[in-house]
Protein chains: 4
Amino acid sequence: MTEVEKQRNNNEKRERILEGALKAFAKKGFYNTKVSEIASEAGVADGTIYLYFKNKDDLLISLFEDRMEWVIERLQAELSAVSGDSLVKLRAFVHLHFLLAVENRDLAEFITVELRQSAKFVKEYKNPKFADYLRILQGLIEQGQAEGLIRAELDSKLVSRAIFGALDEVLLQLTLSRSAPGDVVNESTQISAILIDGLITRD
Amino acid sequence: MTEVEKQRNNNEKRERILEGALKAFAKKGFYNTKVSEIASEAGVADGTIYLYFKNKDDLLISLFEDRMEWVIERLQAELSAVSGDSLVKLRAFVHLHFLLAVENRDLAEFITVELRQSAKFVKEYKNPKFADYLRILQGLIEQGQAEGLIRAELDSKLVSRAIFGALDEVLLQLTLSRSAPGDVVNESTQISAILIDGLITRD
Amino acid sequence: MTEVEKQRNNNEKRERILEGALKAFAKKGFYNTKVSEIASEAGVADGTIYLYFKNKDDLLISLFEDRMEWVIERLQAELSAVSGDSLVKLRAFVHLHFLLAVENRDLAEFITVELRQSAKFVKEYKNPKFADYLRILQGLIEQGQAEGLIRAELDSKLVSRAIFGALDEVLLQLTLSRSAPGDVVNESTQISAILIDGLITRD
Amino acid sequence: MTEVEKQRNNNEKRERILEGALKAFAKKGFYNTKVSEIASEAGVADGTIYLYFKNKDDLLISLFEDRMEWVIERLQAELSAVSGDSLVKLRAFVHLHFLLAVENRDLAEFITVELRQSAKFVKEYKNPKFADYLRILQGLIEQGQAEGLIRAELDSKLVSRAIFGALDEVLLQLTLSRSAPGDVVNESTQISAILIDGLITRD
DNA sequence: CATGAATGAGCCTTCATTCAT
DNA sequence: TATGAATGAAGGCTCATTCAT
């Protein structure tokens with residue numbers, strides 16, 4: 001096996017472990033998942049996990065890092081393909097958020113449920129990748145304000161938090177009820193409508 | 001000791017345990033909190049907890065039930081004192097949500113972080129009290145739609161979820177950063193503004 | 001159960017664990033002994049051990065402390081009953097050393113084999129009780145020097161070490177071969193003969 | 001590579017592993033030393049160790065065998081160069097014991113601490129090389145008895161044990177305190193003085 | 001022969017829960 | 001009811017050993 005092949009093999013094993021962890025965490029939650037279950041899911045021995053991750057906490061953190069990075073890359077790639085003003089992009093963002101979640105059910109379940117715990121209780125972990133995600137959203141808001149399309153008096157940080165919260169909670173419900181992914185377009189449209197135009201009736 | 005005094009004594013002890021659990025869960029999370037820590041916080045023996053609660057899961061559920069019930073009562077009392085149309089009430093709801101959280105910091109930390117886990121992993125628990133809370137919000141939306149103030153085409157259930165999500169996420173950030181409670185008015189106002197009027201600039 | 005009885009009960013349990021550990025360590029050595037084996041030997045549950053000792057290391061250290069203390073007490077009691085000059089006392093010391101070992105076979109096996117390891121590798125443990133033991137011996141030497149019976153030019157600390165080493169090694173052989181305890185008098189006498197006649201001042 | 005070179009290469013690798021093990025065992029003890037640490041110290045892969053030794057126990061035993069053999073060779077070489085009666089040789093033996101230890105600090109630390117454990121717990125290992133070492137000492141005693149210089153009534157086996165114990169314990173203290181090797185002459189002289197003057201026949 | 005990634009048996013320790021008092 | 005000492009199942013992690021390359 002050449003060095004290149006070895007590296008690929010290693011990455012494949014690491015990825016298998018991450019995928020096994022994702023599946024297990026999504027189904028039973030971090031604290032209810034045994035390391036041995038992850039190993040079994042990944043098709044490796046228990047000890048092998050510790051060749052790639054320092055401990056169970058590190059596995060959780062690495063999973064966040066890795067998957068959020070992937071999400072952000074996809075999001076930015078798709079967003080950059082969207083032409084239009086910031087409102088158009090915001091609608092696209094909302095849509096993509098749901099779309100990615102529906103396409104990656106385990107990931108969505110994992111993040112909606114575990115993100116908060118880990119942010120608070122996994123020691124010294126500040127979840128920088130999640131911050132990056134929020135920053136993209138915040139960037140869109142600020143772009144809208146610069147374009148004069150979004151009200152300048154709003155705190156862009158607060159707004160991005162609120163939007164993420166709305167999306168996240170709706171998604172949580174979606175994953176909990178394990179409803180068909182068909183409604184996503186409807187839900188995405190409605191959320192965008194509320195956010196952009198508000199709840200009130202216009203004449 | 002009369003029967004009445006006994007009952008009160010029991011309720012007091014039960015309440016002490018719940019309060020201890022709340023404090024501990026808020027600080028360290030459900031899974032990182034030991035039953036013995038709760039007992040110590042409550043000033044009772046470890047075994048005593050099992051006279052009032054079936055097990056640790058039951059304690060978590062009971063805490064949700066009890067505190068959500070209290071929240072709902074306060075919310076309904078305050079809301080019923082608000083005169084005005086549904087939009088006024090919605091603004092009041094948002095404001096009260098934040099206010100209650102700021103006044104009950106531990107409770108807010110507990111709910112924002114533990115609600116999702118418990119909903120998903122504590123077996124067979126559907127969190128009916130939280131459903132009640134959402135239903136109040138949903139009721140306000142539907143009232144607004146009936147009054148013609150809120151767009152009829154919106155799914156009231158979806159909307160209430162989204163609103164709760166927005167509030168919850170902002171609150172989470174607030175409690176995580178342990179910022180001063182002074183900004184709550186500002187935050188509440190901004191969130192209401194977005195929800196009701198939307199993000200876009202009006203002329 | 002009264003407080004006094006409780007205390008006694010606790011001490012009994014602690015003692016049972018120490019005795020179980022002693023037996024197990026003597027037979028298989030510290031590193032080859034499982035905590036569960038100690039528990040089983042002591043007739044308690046595994047977890048019970050951790051109510052009385054911080055961890056396995058602490059159990060080892062506590063065992064040293066406790067048993068050495070007992071040995072020192074017995075030694076001092078017996079020595080104080082010996083009337084005669086320092087050479088008589090030294091002979092008594094040697095004799096007692098062997099006698100105690102023969103009467104407490106497990107203890108002897110434990111100390112001869114584990115003392116060195118623990119002194120070196122159990123972190124930050126300086127084995128003060130063993131130092132006390134050596135100091136008694138050193139005291140006898142110095143008394144002999146003061147009385148003019150033992151050569152003044154000898155380093156009392158070095159001498160006490162050497163004597164202890166001689167006794168300890170002979171004892172080790174004794175316990176390893178599990179020979180009958182009958183020879184102890186002979187061995188003790190020979191060792192004393194070698195030591196004493198080498199120590200005395202010449203005219 | 002010729003057969004001879006191969007053999008030398010193998011022996012060199014085997015020796016490197018032994019040396020690595022010695023260093024590691026001296027510093028952390030047998031049970032606290034990982035095979036991987038030995039491999040790293042020796043500059044070989046973990047698996048390589050198992051090409052030269054059956055397992056970790058075998059490595060320990062082989063280390064004893066190898067180093068004791070070397071010690072015995074040196075000792076005998078030096079002793080055979082000593083001319084004089086058995087008492088002169090005994091003094092030389094004591095001196096050499098300390099000298100070798102000071103010149104091979106790791107070896108001294110290793111033997112003083114690990115010899116007893118291994119003798120007792122490494123299954124079915126009787127440490128023949130150590131027995132050889134003792135036999136040299138015993139031979140000197142018996143020679144002295146034959147020459148009429150050492151009291152005939154003493155058990156030469158017991159005496160050799162006692163002498164070894166005295167030397168070993170003093171050495172242990174020396175290595176534990178990591179004192180300067182300068183005192184060795186003094187210590188050696190004192191120990192010899194005690195031992196010899198106690199052993200000789202009186203006129 | 002040499003490598004070192006992979007294995008998985010094994011063990012210390014924790015902690016929710018029980019129960020004799 | 002209340003206690004808290006005792007329990008023992010369970011799980012994270014280590015590390016000696018193996019084996020495909």
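Scope of the values below: all heavy atoms of this structure, side chains included, with no hydrogens, waters or symmetry mates. Here is the naming used below: chain letters follow the sequence lines, and residue numbers restart at 1 for every chain.
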Where DNA chain F forms stems, i.e. three or more consecutive Watson-Crick or G-U pairs with both distances under 3.5 Å: E:2-21 with F:2-21
Toward the 5' end of DNA chain F, which comes first, C/T48 or B/I49, by nearest nucleotide? B/I49
Look at the side chain of A/L51 and decide which nucleotide, out of F/dA6, F/dA2, E/dA5, has an atom nearest to it. E/dA5
Indicate yes or no: at least one non-hydrogen side-chain atom of B/E15 is less than 4.5 angstrom from one of B/N11. no
Just how far, in rounded Å, is P of E/dA5 from CD1 of A/I17? 13 Å
Between P on F/dG12 and OH on A/Y52, what's the gap in Å once rounded to a whole number? 20 Å
A/E12 atom CD is separated from E/dA5 atom C1', nearest whole Å, by 15 Å
Note, D/P128 side chain near D/M68 side chain (heavy atom, < 4.5 Å): no
Less than 4.5 Å apart, side chain to side chain, heavy atoms only: is that true for A/K56 and A/L60? no
Among all residues two or more places apart in sequence or in another chain, which pass the side-chain hydrogen bond (donor to acceptor under 3.5 Å, both in side chains) test with D/N32? C/Y31
Heavy atoms, side chains only, cut-off 4.5 Å: are D/L59 and D/Y52 in contact? no
Rounded to whole Å, CZ of D/R16 lies from C1' of E/dC1 at a distance of 13 Å
Whole-Å distance, C/E37 CD to F/dG8 P, equals 18 Å
Do side-chain atoms of D/K27 reach the backbone of D/T33 as a donor and acceptor pair under 3.5 angstrom? no
Expressed in angstrom and rounded to an integer, what is the separation of D/L60 atom CG from F/dA16 atom P? 13 Å
What is the nucleic acid contact for B/F53, judged by heavy atoms within less than 4.0 Å: base, sugar-phosphate only, or nothing? nothing
Would you call D/E19 and D/R67 a side-chain contact if the rule is heavy atoms closer than 4.5 Å? yes
Rounded to whole Å, how long is the line connecting atom CD1 of B/I38 with atom P of E/dC15? 12 Å
Determine whether a donor-acceptor pair (N or O, by modelled atom type, separation under 3.5 Å) exists between the side chain of C/R116 and the backbone of D/V113. no
Let me have a per-nucleotide readout for nucleotides 9-14 of chain E, 5' to 3', with B, S or -, counting only protein heavy atoms under 4.0 Å. --SSBB
Donor-acceptor pair, side chain of B/E114 and main chain of B/F30, under 3.5 angstrom: yes
